[in-house]
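Numbers here are sequence positions counted from 1. Whatever order the structure lists ligands and atoms in, that order sets their numbers, starting from 1.
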Amino acid sequence: MKKLPIIIDCDPGCDDTIALLLAFANTSLDIKGVTVSAGNVHINNTTENARKLVGAFRPEIKVAKGCEKPMFKTIVTAPEVHGETGLGSVVIPESGKKLEELNAVEFLAKTLKESDEKITIVITGPMTNIAVFLIAYPELKEKIEKFVIMGGSAIGGNVTPAAEFNIYVDAEAADIVFKSGVDIVLCPLDVTMKAFVTEKELAEIREIGGFASEVAHGAIKNALDFYKEFYKVSEVPMHDPCTIAYLLEPEMFKGVDVFLGTELRGEFTYGETIIDYRNKLGKEKNALVLNEINREAFIELIKKSVETLKDL
Ligand code: RIB
Ligand code: CA
């Protein structure tokens with residue numbers, strides 16, 4: 001079976017961790033590399049988390065550290081959701097895995113330049129690395145198959161009333177990516193809030209056993225505890241894994257082709273994504289925006305992937 005070459009640009013991060021586990025477990029994906037962004041926590045912590053997760057499950061995959069801050073703003077992080085380290089209470093043993101010498105932007109350029117096929121880029125954090133890459137290496141844009149992005153919202157924000165976190169941290173970077181002309185599949189809060197894990201399902205994931213089940217449980221539980229405390233609910237959306245789930249089982253989702261943009265100047269709306277479901281602006285449609293998910297199939301995929309990693 002032909003494998004799908006991908007690069008994952010992420011800011012692990014509890015839900016990024018689940019996205020990585022799904023990717024590690026499903027060998028139909030050929031992971032050409034993991035590049036790390038600043039977002040959920042400081043770049044040093046997200047990079048350490050990515051290095052340790054790759055070292056624990058798929059040590060052959062290359063990991064490259066990315067930009068320390070957004071293009072124009074100071075960094076905004078979310079330790080209240082992901083814990084100070086970015087992985088909640090999860091402890092990953094040291095594997096001795098080494099980072100690439102190249103930074104994320106140079107790694108993206110080298111990998112795309114040397115690839116004899118187009119590569120799909122999965123983005124589950126702020127898009128600073130990808131935007132800087134597009135500015136520095138415009139000639140390599142044609143080597144990108146598409147972007148599959150967790151970010152944005154047409155149902156209100158989670159960091160301001162208007163803006164979702166990944167866009168809000170670096171909306172200028174998102175604007176560059178949205179205007180790049182590269183095909184986009186977007187997983188906004190519209191669909192990721194429907195991709196929730198219940199306490200019962202979390203316990204079932206833990207019962208699978210093995211280190212992957214321990215990591216998945218710890219990552220999801222940390223996010224669940226935040227949702228219990230602040231939103232008084234006992235289920236937690238798993239935002240980032242929707243990107244990998246789409247690549248593995250696209251039939252799990254429904255979506256629409258729309259114009260996608262982001263606001264850069266609004267006093268209250270900086271980072272808001274304009275998802276023009278009703279085509280009110282009559283602008284060119286530049287994204288497939290997912291807004292429905294078969295949640296049971298999503299949970300099944302998480303369980304199946306944790307099971308696969310158990311036997312690694
Ligand atoms: O808004 C959810 C997104 O912000 C997810 O990618 C989560 O990891 C945080 O980065
Ligand atoms: Ca993330």
Please tabulate protein-ligand N/O pairs under 3.5 Å for ligand 1, atom names and distances to 0.1 Å.
from: ligand 1; atom 1: 1 (O); to: Asn158; atom 2: ND2; distance (Å): 2.8
from: ligand 1; atom 1: 1 (O); to: Glu164; atom 2: OE2; distance (Å): 2.5
from: ligand 1; atom 1: 4 (O); to: Asn166; atom 2: OD1; distance (Å): 3.3
from: ligand 1; atom 1: 6 (O); to: Thr124; atom 2: O; distance (Å): 2.9
from: ligand 1; atom 1: 6 (O); to: Asn166; atom 2: ND2; distance (Å): 2.9
from: ligand 1; atom 1: 6 (O); to: Asp240; atom 2: OD1; distance (Å): 2.6
from: ligand 1; atom 1: 6 (O); to: Asp240; atom 2: OD2; distance (Å): 3.0
from: ligand 1; atom 1: 8 (O); to: Asp15; atom 2: OD1; distance (Å): 2.5
from: ligand 1; atom 1: 8 (O); to: Asp15; atom 2: OD2; distance (Å): 3.3
from: ligand 1; atom 1: 8 (O); to: Asp16; atom 2: OD1; distance (Å): 3.0
from: ligand 1; atom 1: 8 (O); to: Asn40; atom 2: ND2; distance (Å): 3.1
from: ligand 1; atom 1: 8 (O); to: Asp240; atom 2: OD2; distance (Å): 3.0
from: ligand 1; atom 1: 10 (O); to: Asp11; atom 2: OD2; distance (Å): 3.2
from: ligand 1; atom 1: 10 (O); to: Asn40; atom 2: OD1; distance (Å): 2.9
from: ligand 1; atom 1: 10 (O); to: Asn40; atom 2: ND2; distance (Å): 3.4
from: ligand 1; atom 1: 10 (O); to: Asn166; atom 2: OD1; distance (Å): 3.0

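- Taking backbone and side chain together, Met150 holds no N, O or S atom under 3.0 Å from the Ca ion (ligand 2).
- Using a 4.0 Å cut-off between charged side-chain N and carboxylate O, Glu114 and Lys110 make a salt bridge.
- Between Phe196 and Tyr227, the distance separating the two ring centers is not shorter than 6.0 angstrom.
- A cation-pi arrangement, defined by a distance under 6.0 Å to the six-membered ring centre and an angle within 45 degrees of its axis, is absent between Lys285 and Phe259.
- Annotation: cation-pi geometry not satisfied between Arg265 and Tyr270 (NZ/CZ under 6.0 angstrom from ring centroid, within 45° of ring axis).
- Because its NZ or CZ atom is not both nearer than 6.0 Å to the ring centre of Phe107 and within 45° of the ring axis, Lys32 does not count as a cation-pi partner of that residue.
- Side chains of Asn45 and Thr85: a donor-acceptor N/O pair is absent below 3.5 angstrom, by distance only.
- Seen from the Ca ion (ligand 2), atom OD1 on Asp11 and atom OD2 on Asp240 lie at an angle near 140° (rounded to 10 degrees).
- Judged by distance alone, the side chain of Thr262 and the main-chain N or O of Glu272 form a donor-acceptor pair under 3.5 Å.
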